[in-house]
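Starting from 1, each residue takes its place in the sequence as its number.
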Amino acid sequence: MTIGHPPRSSFDTALDDDADRLAKALRTQWRREEKRRKIRDQIALPVRWQAASDEVMDHWANICRCPAGDTPRPPVLAGQLDEIMQVHQRIPSRRLVVLGRAGSGKTTLALRFVLDLLAARSGPADPVPVIFSLASWNPTTTPLDRWLTGQLERDHPRLAGKRDRPGLARSAPDASTRAKELIDHDRILPVLDGFDEIPDCLRRPALTELNDTDIPLLLTSRRTEYAAAVKDARALTSAAAVELIDLALTDLDHCLPRGTRKTTPTSTAWDPVLKHLRKHPQHPASVRLAAVLRTPLMVMLARTIYSDAPDRDPWVLLTDEFSSTDDLEDHLLDDFVPTLYRDQARARRERVPHRLGHLAQHLNRLGTRDLAWWQLGSTLPRWSRMCVIGLVAGLVFGLVDALVLWSGFWQAYGLAPGLRKALLNGLAFGSTSGLGLGLVYGLRYGNEACTPSRVRVRLRGGRKEMRKEFAPRLAIGLVGGFCFGFLAWLVDTLVIGLAETEYGLMTLLAHGAESGLRSGLVYGPAAGLTFALTAALEDPVDLETAVGPLDLLRTNRAMVLFHLLVFGLFTGIAGGVLYRLQQIEFFDWMLFGVVGGLGGGLAYGLSLTAWGQWVTLSRIWLPLTGQLPWTMRAFLEDAHRRGVLRQTGAVYQFRHARLQEHLAAEARASRTTR
């Protein structure tokens, strides 16, 4: 009699499906990034490591999970880039710390580890390796599992949804998202990149939090910062540690000439430089250059700057122009970006470092490495953002109102009087909406950016958990729409009345209250039904369609346009009902529909949605002040294509933290000298 495996529950099957889809999305994303960064290039620099010193490792008995009394047998930890997965699997605890100096290849190694582990997955129950950038983690406010869940939900919106309850095991709590379920059931293997990028005061609590777990993981850090944290707390529990080895001159002989144009049939521009390093290793210039070219980052910079341009000679790196290794490194960092943009016109090329520097400073202020499009305006002071949001929303609403009214007023009142009357109406509606939306923005978001929604609209109906929002959104829309309609038409009546009639203030207030009440009865139901309908039609964005930084931007833009169309439709219907019930003028009905639907919808979309705030702050205000380019999306995509930025999930990052720090410092220095 053959005993088979017990049948898997529907909950386990659902977890398997989520894990498989996540693995597929990550494999696609990181293969593309690996190809862009040429990690598997035949002339790629070697990344090698050796076992780290015992002072930064836990006891071998803990690492090997030895029972009491047994003698541990430490595994061989030395290896090179294509062996990282095997080295990790040799460690019984599956917990490994990778140490190295800045630019030594830690992130490249983490990427290769993820790709190798994804390729080796033998079944859906195998954990999915996911890279998490630790710079944005605050362990004193956010436990590790909650932070990991939030990062997964940000980069893979489908995992932010809750699973339909029928047919699932009771072990899946109602409050859990798909991301939390994957983490709670050990379907995620965290690859924690950049422990050293956590602020100094948070490294000890971060290590303490990590020590409270025993999950398999891979952690990268600069050695000095990690060693200091270990002295304050203790080494990562049950974790072995390896340290990346500096490049040797033979590595440069293999890499630099093969990736460089030929100056003669048998030599390249790098050959005289490498010959000098071999023959005169004690020469001061040789000592400086050899010290700089010991990390893959600096070799990559040097190869980019001097390998292809015929007017650039690497021999300059051996001259007395540079008196220290810091001068040499600063020179390479200074020339890296201009070299990548050398095909651009000079004026445009000179603006690129300034704009990248603004982005680098923005990330430094936020204390993160993650460049998210919805956060680009968040480093502006709160009151500045409130004013800009209110101004743009008010101008849009006022202009729509004035143009629509003038199209009808000029025939009834004449060209100039009609324009004056339309402008007064636009002023009333624009000022009311701008002031109101600016205040709502400030109260709602404060110092935080509006997070983009991870949903899309499906006309055949959304998920059940989304429909639970039907009643709350209906109530919010009813109240908000009524208040806006009442106040806007009250102010409009007062402005027009005081400017063009002799009625007293109390009479105008009475007329204004009547108009406002009638308007509120149109805008309230229209806004409420709009928000309620979208709740009924929302569905989480598919995992495979939202792994890029700008995919969510397109999704949120589509959501705002859908809100605009539906709001205009319901405003017209509500105005038509009121037209029948109260016998109001047809012209007023048109105002309800066009002004309220188009103007109000645009004002709302530009002020209280992630896409609208991106347009208002990052596409209008920051370009007007010269801090960002007008074509911001194209600028980010181009920087990624050229290799200045790298993609990780729903955000971009600078190719290396050292590059971000350098660009930010240059931007600060440039501002100081102006």
ask   = Heavy-atom distance under 4.5 Å between the side chains of Thr339 and Arg312, does that happen here?
value = yes
Check: Arg94 side chain, Gln89 main-chain N or O, donor-acceptor pair, under 3.5 Å = yes
task = Indicate the atoms forming the closest heavy-atom contact of Ala233 with Thr208, along with that distance.
result = CB-OG1, 4.4 Å
inquiry  = Which label fits His640 and Tyr652: parallel for a plane angle under 30°, tilted from 30 to 60°, or perpendicular past 60°?
reply    = tilted
query = Any sub-3.5 Å donor-acceptor pair from Arg223's side-chain atoms to Glu243's backbone N or O?
reply = no
ask   = Should the pair Asp327-Arg288 be classified as a salt bridge under the 4.0 Å nitrogen-to-oxygen rule?
value = no
message = Quick one, Val337 with Leu356, criterion side-chain contact (heavy atoms from CB on, under 4.5 Å). Give me CA distance, side-chain angles, the key distance, then yes/no.
response = CA-CA 9 Å; Val337 171; Leu356 291 173; 3.7 Å; yes
inquiry  = Restricting to non-hydrogen atoms, name the atom on Pro257 and the atom on Leu274 that form the minimum distance, rounded to 0.1 Å.
reply    = CG-CD1, 3.7 Å
Cationic N near anionic O, under 4.0 Å, Arg95 to Asp58 = no
ask   = Does atom CZ of Arg31 have more than 12 heavy-atom neighbours from other groups under 6.0 Å away?
value = no
inquiry  = If I compare all heavy atoms of Gly105 with all of Leu244, which pair ends up nearest, and what's the gap?
reply    = C-CD1, 3.9 Å
inquiry  = Parallel, tilted or perpendicular: which one describes the rings of His276 and Trp315, with boundaries at 30° and 60°?
reply    = perpendicular
inquiry  = With a 3.5 Å distance limit and no angle check, can you tell me whether Thr625 reaches the backbone of Leu622 through a side-chain donor-acceptor pair?
reply    = yes
query = So does Glu661 pair up with Arg369, basic N to acidic O under 4.0 Å?
reply = yes
request  = Kindly assign one of parallel, tilted or perpendicular to the pair Tyr306 and Trp270, based on the angle between their ring planes and the thresholds 30° and 60°.
outcome  = perpendicular
task = Before accepting this row, confirm whether a basic side-chain N of the pair Arg642/Asp638 lies closer than 4.0 Å to the acidic partner's carboxylate O.
result = yes
task = Can you see which heavy atom on Gly643 is nearest to which on Phe336, and at what distance?
result = O-CZ, 4.3 Å
key: Smallest separation among heavy atoms of Ala235 and Val230, with atom names   = N-CG1, 3.6 Å
message = Between His362 and Gln375 (side chain of the first, backbone of the second, donor and acceptor by atom type, cut-off under 3.5 Å), is there such a pair?
response = yes
message = Do Val97 and Val56 make a side-chain contact, defined as non-hydrogen atoms from C-beta onward lying under 4.5 Å apart?
response = no
inquiry  = With a 3.5 Å distance limit and no angle check, can you tell me whether Trp147 reaches the backbone of Leu134 through a side-chain donor-acceptor pair?
reply    = no
task = Take atom CG of Asp343 as the centre, draw a 6.0 Å sphere, and report whether it contains more than 12 heavy atoms from other residues, nucleotides or ligands.
result = yes
request  = Take the angle between the ring planes of Phe635 and Tyr341 and call it parallel below 30°, perpendicular above 60°, tilted in between.
outcome  = parallel
message = Checking the side chain of His656 only, and the main-chain atoms of Gly103 only, is there a donor and an acceptor separated by less than 3.5 Å?
response = yes
Under 3.5 Å: donor-acceptor pair, side chain of Glu33, backbone of Gln647 = yes
request  = Measure across Leu371 and Leu376 and return the closest heavy-atom pair with its distance rounded to 0.1 Å.
outcome  = CD1-CD2, 3.6 Å
ask   = Has Trp621 got more than 12 heavy atoms of other residues, nucleotides or ligands less than 6.0 Å from its CH2?
value = no
inquiry  = Surrounding NE2 of His280 (heavy atoms of other residues, nucleotides or ligands, distance under 6.0 Å), is the total greater than 12?
reply    = yes
query = With distance as the sole test, does Arg154 use its side chain to make a donor-acceptor pair with the main-chain N or O of Ala650 at under 3.5 Å?
reply = no
request  = Answer yes or no: is there a donor N or O on one side and an acceptor on the other, between the side chain of Asp251 and the main chain of Ala248, under 3.5 Å?
outcome  = yes
inquiry  = Under the side-chain contact (heavy atoms from CB on, under 4.5 Å) test against Leu340, which residue among Ile305, Asp335, Val644 passes?
reply    = Val644
Passing candidate, side-chain contact (heavy atoms from CB on, under 4.5 Å) with Phe132, options Thr648, Val191, Leu192, Asp193 = Leu192
ask   = Is it true that a side-chain atom of Ser238 and a backbone atom of Ser93 form a donor plus acceptor pair closer than 3.5 Å?
value = no
